[in-house]
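Right, one structure below, let's go through it.
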Amino acid sequence: MPTRFTATGWGALLFCLMIGSAWAEVVVVVSVQNPVETLSRAELSDIYLGRLNRLPNGASVVPIDQREGTSTRGEFYKKYLGITPAQVKAHWSRLIFTGRGQPPRSVPGDDAVADVVAEAPNAIGYLDPGPGLVDDRLRVVTVE
Amino acid sequence: MTRWEIVFLSALLVPAAVVEAQVEDSPTLSIQGFGTFGVVHSDEDQADFVSNLFAPKGAGHSDDWSAHVDSRLGLQLTANLSPRLTSVVQAVSEQRYDGSYEPSIEWANVMFEVTPALSVRLGRMMQPSFMTSEYRKVGYAIPWIRPPEEVYRMVPVTNFDGIDVNYRSRFGDYTHTLRGSYGRKDAKVAGGGEVKSRDTMLLTNTLERGAATLFASYGRYRLTIEDLNPLFDAFQQFGPEGEAIADRYDVDDKRFEIINVGVRYDPGEWFVMGEWARSDSRTFIGDSRGWYVTGGYRLGDVTPYVTLARVRVDGETSHPGISMVGLPPPLAAQADGLNAALNGLLGNVAQQKSLSLGARWDFARNLALKAQYDHIDLDSGSPGTLVNTQPGFDPGGTVNLFSLALDFVY
């Protein structure tokens with residue numbers, strides 16, 4: 001009896017961990033009207049650092065950022081670009097104060113990203129896919 | 001509203017945007033700023049350490065701990081007047097040639113995007129001579145407290161007035177930026193005088209791929225320092241010998257050239273970068289060769305870094321001057337004075353090597369605290385990059401600096 005309980009307990013724990021980690025995975029999304037299905041890490045990095053405003057297929061792309069200081073933003077830059085928020089800030093300081101660019105527009109939270117990206121066929125965003133967030137308006141982009 | 005912003009943004013990036021919606025052409029204005037509050041201590045009290053060659057006061061002789069070396073405040077207005085027209089005005093307050101902190105206009109230009117790849121700027125811009133030149137004053141954006149003097153001092157003037165054309169292309173994962181500038185600049189020097197640069201031409205080439213950057217630049221100026229003309233005019237009066245000296249060392253519409261190459265690799269957790277530059281001119285300024293190598297490792301919010309740098313001059317740092325043999329005593333005395341003045345200029349060139357150890361701490365959003373120790377080894381007979389040398393100064397020794405700086409952007 002105790003053994004079975006433990007097994008169930010572990011199973012439940014494992015299940016929770018899987019769900020938990022799945023929720024914690026920040027994903028990159030585009031509108032379903034956008035044909036993009038995969039992006040290389042380098043392309044995604046260049047898009048978010050202002051070095052690339054067209055996709056390999058020639059279509060324009062506009063990155064949507066999340067507000068500074070949020071955990072989703074921190075995780076996105078760490079996971080996909082390998083840099084800290086301070087490094088992102090230093091990067092944009094180099095462009096802003098030389099008149100070479102302004103950082104991507106930021107919106108407050110995952111819901112806002114979902115709404116904005118769903119409406120704009122050339123936008124790209126990232127979000128922590130909570131229940132119902134990635135609906136039939138959005139497609140998760142595979143980043144390789 | 002956000003949705004319209006997106007549409008507007010798309011229109012801005014690609015005039016023939018896929019987005020169908022029509023949006024009003026609403027211009028945007030943003031105000032951003034940066035600054036550094038820094039203090040420097042030098043153990044050499046008979047000369048000043050400065051980060052700007054034109055500044056009159058620094059650390060060492062003028063102040064034991066000086067806040068004048070690295071402190072500055074910058075404010076920038078960026079106006080997106082239309083999707084293809086951007087204007088930037090940036091004012092910076094820092095120690096000027098006259099010791100005041102009166103703000104000067106560092107940038108003031110209008111940029112027109114002819115195509116997404118080609119842009120033209122008119123007005124005042126920073127000189128892109130070195131890899132980090134354009135943002136050398138934004139402490140938050142650079143790894144050190146200040147760019148290594150051994151290289152960056154070769155072009156102490158930061159901006160110019162003129163035109164610049166920027167062409168950016170992309171092939172595969174490579175981004176290539178070619179830039180050409182043409183303009184002029186007058187820079188006032190501490191203690192009076194002015195350096196005039198005319199027909200300033202700069203070509204820079206940047207190749208980026210992911211974490212790697214390769215930079216190369218060539219600059220050509222016509223330099224004039226009018227305040228030195230009386231000295232060299234006096235040399236001219238001593239016949240062919242004096243004329244030859246004046247022709248070799250004066251700075252009167254003389255060509256000054258500089259080339260620089262730089263590399264940077266910054267995959268995220270660590271970085272290395274380095275630059276090498278050489279300047280050439282037929283003036284007393286001397287043909288400098290400088291380089292530095294910097295590396296750092298990011299441990300969470302703390303980034304320790306180390307820099308090695310060297311600058312030396314090719315050619316003579318002294319000259320026998322006008323031969324006084326057979327000159328009548330009054331003329332000989334005058335020649336002696338001129339020779340001393342010439343050797344004063346020639347011997348004053350910067351030759352040194354340095355080792356710097358520092359750390360940057362990103363302790364809060366938009367704020368970074370840096371501490372840096374510099375050990376400078378002056379070449380024999382040279383004051384190095386030190387200025388304001390006093391009679392008691394002994395060239396060729398070592399100097400230790402300790403600096404603290406708080407960098408911010410807002």
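Note on naming: letters A, B, ... go to the chains in the order of the sequence lines (proteins, then strands), and numbering restarts at 1 for each one.
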Point to revise | Proximal to chain B - members of residues 84-91 of chain A, heavy-atom separation under 4.5 Å | key: A:Ala86, A:Gln87, A:Lys89, A:Ala90
Check your understanding: Between A:Leu81, A:Leu95, A:Leu49, A:Leu52, which has the largest tally of heavy atom pairs under 4.5 Å with chain B?
Key -> A:Leu52
Revision key, fill the gap. Under a 4.5 Å heavy-atom criterion, the part of residues 125-139 of chain B in contact with chain A comprises B:Glu134, B:Tyr135, B:Val138
Point to revise | Test log, rule side chain to side chain contact (heavy atoms under 4.5 Å, CB included), inputs B:Trp107 and A:Thr98 | key: CA-CA 8 Å; B:Trp107 295 78; A:Thr98 56; 3.9 Å; yes
Review point. Does B:Tyr410 OH have over 12 foreign heavy atoms under 6.0 Å away?
Key: yes
Exercise for review: Count the heavy-atom pairs under 4.5 Å between each of B:Asn166, B:Leu367, B:Asp266, B:Asp301 and chain A, then report the option with the highest count.
Suggested key: B:Asn166
Practice item. Name the region of A:Glu68, side chain, backbone, both or neither, that has any atom closer than 4.5 Å to a heavy atom of chain B. Key: both
Exercise for review: With a 4.5 angstrom heavy-atom cut-off, could you sort out which part of B:Arg209 is near chain A: side chain, backbone, both or neither?
Suggested key: neither
Practice item. For residues B:Gly210 and A:Arg51, report the shortest heavy-atom separation together with the two atoms involved. Key: O-NH2, 3.5 Å
Practice item. May I ask you to name which of B:Asn366, B:Thr175, B:Thr78 has the most heavy-atom pairs under 4.5 Å with chain A? Key: B:Asn366
Study note, to complete from the structure: Okay, B:Asn109 and chain A: the region with an atom under 4.5 Å from a heavy atom over there is neither
Check your understanding: What option among B:Glu269, B:Arg168, B:Glu106 has the most heavy-atom pairs under 4.5 Å with chain A?
Key -> B:Arg168
Study note, to complete from the structure: Residues A:Arg100 and B:Ser119: closest non-hydrogen pair is NH1-OG, 4.5 Å
Practice item. Determine whether more than 12 heavy atoms belonging to other residues, nucleotides or ligands lie under 6.0 Å from atom OH of A:Tyr80. Key: yes
Review point. Looking at B:Met111, B:Arg298, B:Glu208, B:Gln90, which makes the most heavy-atom pairs under 4.5 Å with chain A?
Key: B:Arg298
Exercise for review: Determine the minimum heavy-atom distance between A:Asp46 and B:Asp173, stating which atoms define it.
Suggested key: OD2-O, 4.4 Å
Revision key, fill the gap. Note: A:Ile83 and B:Gly268 closest approach over all heavy atoms is CG2-CA, 4.2 Å
Check your understanding: Can you find a heavy atom in the side chain of B:Val88 that is under 4.5 Å from one in the side chain of A:Phe97?
Key -> no
Practice item. Mark yes or no for whether B:Gln76, through its side chain, and A:Ile96, through its backbone, hold a donor-acceptor pair below 3.5 Å. Key: yes
